[in-house]
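The block underneath contains the structure these notes are about, expressed in structure tokens.
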There are 2 protein chains.
Amino acid sequence: MGRGKIEIKRIENSSNRQVTFAKRRAGLVKKAREIGVLCDAEVGVVIFSSAGKLYDFWTPKTTFAFAVRLPRILEKYQTNSGKILWDEKHKSISAEIDRVKKENDNMQIELRHMKGEDVNSLQPKELIAIEEALTNGQTNLRDKMMDHWKMHRRNEKMLEEEHKLL
Amino acid sequence: MGRGKIEIKRIENSSNRQVTFAKRRAGLVKKAREIGVLCDAEVGVVIFSSAGKLYDFWTPKTTFAFAVRLPRILEKYQTNSGKILWDEKHKSISAEIDRVKKENDNMQIELRHMKGEDVNSLQPKELIAIEEALTNGQTNLRDKMMDHWKMHRRNEKMLEEEHKLL
DNA sequence: GATTCTATGTATAACCT
DNA sequence: TAGGTTATACATAGAAT
């Protein structure tokens with residue numbers, strides 16, 4: 001579509017290539033915008049010039065939708081690079097999950113031990129430690145209960161005396 | 001570019017819209033391929049139809065380059081909804097973290113209670129439940145320890161007898 | 001929904017400034 | 001290297017299949 005027909009192959013003359021790039025890039029983006037509007041579609045266009053410069057266009061919604069659907073796109077291309085990148089992005093967050101889950105597991109085990117469960121494989125030393133923890137817990141708990149009770153009694157007495165005064 | 005000029009606005013007739021979508025989608029991809037070849041560029045086109053179906057095209061190198069450069073693309077949109085939606089993808093993962101963390105907190109509280117800590121705000125009923133749990137734990141634990149000990153003794157005796165036989 | 005046909009509107013290659 | 005002009009090639013709207 002120009003003064004002459006051209007073959008679709010790399011334009012060797014670099015300034016012609018540059019001019020064609022600028023014009024066709026504009027054309028491509030225009031078409032992308034049009035199909036987006038006409039057909040109520042979400043469109044994204046990404047172009048890297050041979051010099052490595054990035055040009056891109058996204059219909060408004062696409063910025064959102066694209067990110068949401070990125071995994072699907074990468075899936076389709078199951079290339080290592082895509083997969084690796086995605087994994088990379090998730091690595092830190094996955095690490096946190098792992099950390100929290102591990103913490104979770106440890107606490108779960110500790111809790112079960114405190115309930116006398118899953119203790120068969122433990123060493124006598126460990127069993128004794130758990131028993132001590134239980135005993136301490138009981139002691140602490142009973143002290144607290146006693147405090148509560150005392151305070152309760154004191155409050156009751158004070159109320160009684162108030163009543164008497166009235 | 002057709003029998004009549006059209007305004008660039010959403011095509012209301014849905015079958016016309018569908019036909020136009022298919023035609024222009026093909027056109028867009030063709031143009032993308034051409035600029036890629038002619039100008040030695042890397043091009044990617046992503047189209048989501050209004051029905052949510054994904055169509056995309058990447059020049060060969062782009063499949064790789066795109067993934068490599070994705071962070072740059074997202075950076076460009078960091079300020080706006082891009083960031084929000086990169087996070088959107090993370091939401092499901094974040095939800096899992098939250099869930100696990102919550103589980104974690106609950107266990108932590110339970111553990112502290114079992115150690116007699118942080119019990120001041122508890123109701124008498126709850127305190128009693130904890131004491132019961134502790135007592136049960138102790139009972140279970142002592143049973144297990146006793147079993148162990150018995151088994152240990154039995155094994156020792158058997159060894160002794162073997163030795164005697166030798 | 002996809003294809004085909006064809007009149008017409010657009011994009012753009014080659015030039016020019 | 002960037003922007004404008006124009007002849008031409010191409011894309012596609014509307015209609016039919």
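In what follows, chains are A, B, ... by sequence order, proteins preceding strands, each numbered from 1.
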5' priority, DNA chain D, between A/Ser14 and A/Ile6 [closest heavy atom]: A/Ser14
side-chain N/O B/Thr20 vs D/dT12 OP1/OP2, d < 4.0 Å: no
Euclidean distance, atom CD of residue B/Gln18 to atom P of C/dT3 [Å, nearest integer]: 11 Å
Whole-Å distance separating the CE atom of A/Met1 from the C1' atom of D/dT12: 12 Å
Euclidean distance, atom CD1 of residue B/Ile8 to atom P of C/dG9 [Å, nearest integer]: 14 Å
Pairwise 5' ranking along DNA chain C for B/Ala22 and A/Lys5, keeping only the more 5' one: B/Ala22
Residues B/Glu110, B/Arg112: salt bridge by 4.0 Å N-O rule: no
Cluster overlap B/Leu134 with B/Ile128, hydrophobic side-chain contacts below 4.5 Å: yes
Spacing between B/Arg10 atom CZ and D/dA13 atom P, to the nearest angstrom: 16 Å
ILVMFWY cluster, A/Val19 and A/Tyr55 together (side-chain gap under 4.5 Å): no
Integer-rounded Å distance: D/dA13 P and B/Ile11 CD1: 7 Å
Side-chain-base donor-acceptor pair under 3.5 Å for A/Arg3 and D/dT6: yes
Nearest-angstrom distance from the residue atom CZ of A/Arg17 to P of D/dA2: 14 Å
Length of the CG-P vector between A/Asn16 and C/dC16, whole Å: 14 Å
Note: B/Glu156-B/Arg154 ion pair, threshold 4.0 Å (strictly below): no
No-H, no-angle donor-acceptor pair, B/Lys23 side chain to D/dG14 base, under 3.5 Å: yes
Check: B/Thr59 side chain, B/Glu42 main-chain N or O, donor-acceptor pair, under 3.5 Å: no
Touch class at under 4.0 angstrom, heavy-atom based, for B/Ser15 against every strand present: nothing
Atom-to-atom span, CD of A/Glu12 to P of C/dA14 - whole angstrom: 14 Å
